[in-house]
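Numbering of ligands and ligand atoms starts at 1, following listing order.
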Amino acid sequence: MRIDHVGIAVANLEEAIRLYSRLLNKPCLKREVVESQQAETAFFQTGESKIELLSPTSEDSVISRFLNKCGEGVHHIAFETADIKAEMERLRKEGFTLLSDQPAEGANGKRIVFLHPKEITGVLVELCETIE
Ligand code: CO
């Protein structure tokens, strides 16, 4: 599976966009508020993959909780799948724990689901499928 993006939790999205623009020497591709994650996102293209900066839009956001617990840093790795439902079924059978029964609407026109990091060496994994 191709790595679609790496998600990075940031406290200040404006500052982080300026920083990653300088780091990658290119402008931000797009910004978007994702209601299902209570987060605002900013994407940068990096070769075939992207960097997704995530900042919380509410205190209840999972990104808020992550920042309070861990501070800024890598939050998740997202793999692209052509058929998220089939992949969810396969991974369930493999014994992985999905964080929701149904895919949610994610940023950048994707259907997404997260896998619990406990069985994946502490890494929060996202599966994403592009909505046609
Ligand atoms: Co993501």
Margin query: Using a cut-off of 2.8 Å, how many protein N, O or S atoms sit around the Co ion (ligand 1)?
Written below: 4
Check: Are any of the side-chain nitrogens in R2 or D4 under 4.0 Å away from the carboxylate oxygens of its partner?
Finding: yes
Checklist line | Basic-acidic side-chain contact under 4.0 Å: K30, E32 | finding: yes
Notebook entry, point to check: Run the side-chain contact (heavy atoms from CB on, under 4.5 Å) check on H76 and H5 step by step: do they pass?
Noted result: CA-CA 9 Å; H76 64 270; H5 63 268; 3.3 Å; yes
Item checked: Salt-bridge contact R18-E15 (side-chain N to carboxylate O under 4.0 Å) -> no
Notebook entry, point to check: Distance from E94 atom CD to L115 atom CG, nearest 0.5 Å?
Noted result: 11.5 Å
Check: Which residues satisfy the side-chain contact (heavy atoms from CB on, under 4.5 Å) test with S61, sequence neighbours excluded?
Finding: Q38, P56, S58, I63, S64
